[in-house]
**Q** 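One structure, pasted below without further comment.
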Amino acid sequence: MSHPYEADRIASEKPDPREASSTKFMAVPLTLWASLIVFGCFYLGVHTTRTDWVEGDKRTPRSAMTAPVGAGQDLTQMGADLYKRHCQACHQPTGLGVGSAFPPLKGSEWVLGPEEIVPAIVLHGLKGEIEVQGKTFKGVMPGFKGKLTSKEIAAITSHLRSSWGNQASAVSPEVVERVLDETKDRTESWSGGAELKEKIWKN
């Protein structure tokens with residue numbers, strides 16, 4: 001018959017059990033990192049249009065903060081951007097306007113006329129009847145005096161006079177300044193095309 005403590009003696013002679021370590025959870029972050037790397041490489045490959053080195057515009061954080069709106073931007077591009085922001089909803093991307101509410105700018109005798117006309121309208125707005133290409137329009141256009149700079153208004157008006165097949169000379173900021181000076185006492189919109197026709201601009 002075996003000793004009553006034989007089983008305990010045998011058990012005590014066995015090595016102490018050790019807690020096993022598991023690496024299965026390490027696969028989760030490794031998989032996430034690998035997925036991010038693969039996605040990043042794919043994104044860069046799709047959206048990178050050029051791989052050659054190009055020198056930047058050398059702006060410092062201070063000069064970038066103090067640079068005026070549109071600084072360094074081509075006037076043509078500035079005019080297109082400003083048109084999209086302020087005019088396109090009414091006059092449409094095609095410059096054809098909307099129904100009888102908003103007149104077309106494409107082929108408009110007002111747009112292609114004296115260079116002072118469009119800046120005057122953009123500055124002070126327009127309300128009442130105006131005839132464009134033999135069709136009468138009656139609506140309200142807001143003015144942008146004090147909201148846009150002379151350079152920005154020059155850019156917009158130059159864009160109108162050179163888009164959709166229009167071929168008229170560009171409008172300079174100096175012309176806008178002159179129109180602004182000649183109409184400095186105006187506090188309301190132009191009363192339709194009749195008042196615009198009566199205005200004699202100083203050349």
Side-chain angles (χ1 to χ4, degrees), residues 57 64 66-203:
D57 59 8
T66 57
V69 176
Q73 185 181 25
D74 179 73
L75 271 179
T76 303
Q77 184 60 49
M78 183 193 298
D81 292 342
L82 290 168
Y83 177 81
K84 290 179 182 178
R85 192 183 311 168
H86 300 289
C87 317
Q88 183 169 286
C90 296
H91 296 286
Q92 300 299 293
T94 58
L96 294 177
V98 178
S100 60
F102 306 110
L105 303 173
K106 177 180 180 180
S108 168
E109 59 268 36
W110 298 96
V111 174
L112 300 174
E115 60 183 357
E116 299 90 352
I117 295 293
V118 181
I121 296 174
V122 175
L123 279 168
H124 301 290
L126 180 72
K127 61 181 179 180
E129 293 186 352
I130 185 170
E131 185 175 313
V132 182
Q133 298 178 344
K135 185 178 179 180
T136 300
F137 295 83
K138 188 175 182 179
V140 177
M141 174 182 165
F144 292 91
K145 179 181 177 181
K147 300 176 183 177
L148 297 177
T149 65
S150 296
K151 183 179 180 180
E152 289 172 328
I153 293 177
I156 289 180
T157 53
S158 297
H159 174 73
L160 303 184
R161 288 164 63 88
S162 61
S163 299
W164 315 295
N166 292 344
Q167 296 182 2
S169 60
V171 177
S172 68
E174 289 74 23
V175 170
V176 178
E177 287 288 342
R178 176 159 54 82
V179 172
L180 188 59
D181 182 65
E182 291 184 29
T183 60
K184 60 185 177 182
D185 296 327
R186 174 169 286 276
T187 58
E188 56 183 19
S189 302
W190 298 97
S191 300
E195 185 180 13
L196 283 170
K197 284 184 178 179
E198 292 175 358
K199 174 66 178 176
I200 299 177
W201 303 99
K202 301 175 184 177
N203 294 321

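Source: prediction; values computed, not measured.
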**Q** Could you list the donor-acceptor pairs under 3.5 angstrom formed by side chains in residues 124-134, with sequence neighbours left out?
**A**
unit_1, atom_1, unit_2, atom_2, d
H124, NE2, T183, OG1, 2.7
Q133, NE2, K106, O, 2.9
Q133, NE2, G107, O, 2.9

**Q** Taking all heavy atoms of M78 and all of A155, pick out the closest pair and write down the distance.
**A**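 Between these two residues, the closest heavy atoms are SD-CB, 3.9 Å.
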**Q** Distance from I121 atom CD1 to I153 atom CD1, nearest 0.5 Å?
**A**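 If we round to the nearest 0.5 Å, I121:CD1 and I153:CD1 are 12.0 Å apart.
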**Q** Going from OG on S189 to CE on M141, what distance comes out if it is rounded to the nearest 0.5 angstrom?
**A**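 Here the interatomic distance stands at 9.0 Å.
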**Q** Got a second to check how far N166's CG is from L112's CG, nearest 0.5 Å?
**A**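 The CG atom of N166 sits 4.5 Å away from the CG atom of L112.
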**Q** In Å and rounded to the nearest 0.5 Å, what is the CZ to SG distance from R85 to C87?
**A**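 If we round to the nearest 0.5 Å, R85:CZ and C87:SG are 10.5 Å apart.
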**Q** With ring-ring contact (aromatic ring centres under 6.0 Å, His included) as the rule and sequence neighbours excluded, what pairs involving residues 133-155 come up?
**A**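 Those involving residues 133-155 are H86-F144.
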**Q** Which atoms form the tightest heavy-atom contact between S108 and P104, and what is the distance?
**A**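 Minimum heavy-atom contact is CB-O, 3.5 Å.
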**Q** Working to the nearest 0.5 Å, report the span between OG1 of T157 and CG of L82.
**A**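 It is 10.5 Å, given to the nearest 0.5 Å.
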**Q** Can you name the nearest heavy-atom pair linking A154 to S172, along with the distance?
**A**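 Looking at all heavy atoms of both residues, the shortest contact is CB-C, 3.7 Å.
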**Q** Distance from E182 atom CD to E116 atom CD, nearest 0.5 Å?
**A**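 Separation between the atoms: 7.0 Å.
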**Q** Just grab all the ring-ring contact (aromatic ring centres under 6.0 Å, His included) pairs involving residues 149-185, residues at least two apart or on different chains.
**A**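 Every pair satisfying ring-ring contact (aromatic ring centres under 6.0 Å, His included) with a residue in residues 149-185: Y83-H159, Y83-W164, H159-W164.
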**Q** Kindly determine whether L148 and I156 satisfy side chain to side chain contact (heavy atoms under 4.5 Å, CB included), including the steps that lead there.
**A** CA-CA 10 Å; L148 297 177; I156 289 180; 3.8 Å; yes
**Q** Tell me, do K84 and P93 make a side-chain contact under 4.5 Å, heavy atoms counted?
**A**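 K84 does not reach P93 side chain to side chain.
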**Q** Taking only Lys NZ, Arg NE, NH1 and NH2, and the carboxylate oxygens of Asp or Glu, determine whether R186 and E195 approach each other closer than 4.0 Å.
**A**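 Salt bridge present between R186 and E195.
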**Q** Where is the tightest heavy-atom contact between V171 and V176, given as atom of each residue plus distance?
**A**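 Shortest heavy-atom separation between V171 and V176 comes out as CG1-CG2, 4.1 Å.
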**Q** Taking everything shown except K197 itself, do over 12 heavy atoms lie less than 6.0 Å from its NZ?
**A**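 No, the 6.0 Å shell around NZ holds no more than 12 heavy atoms from other groups.
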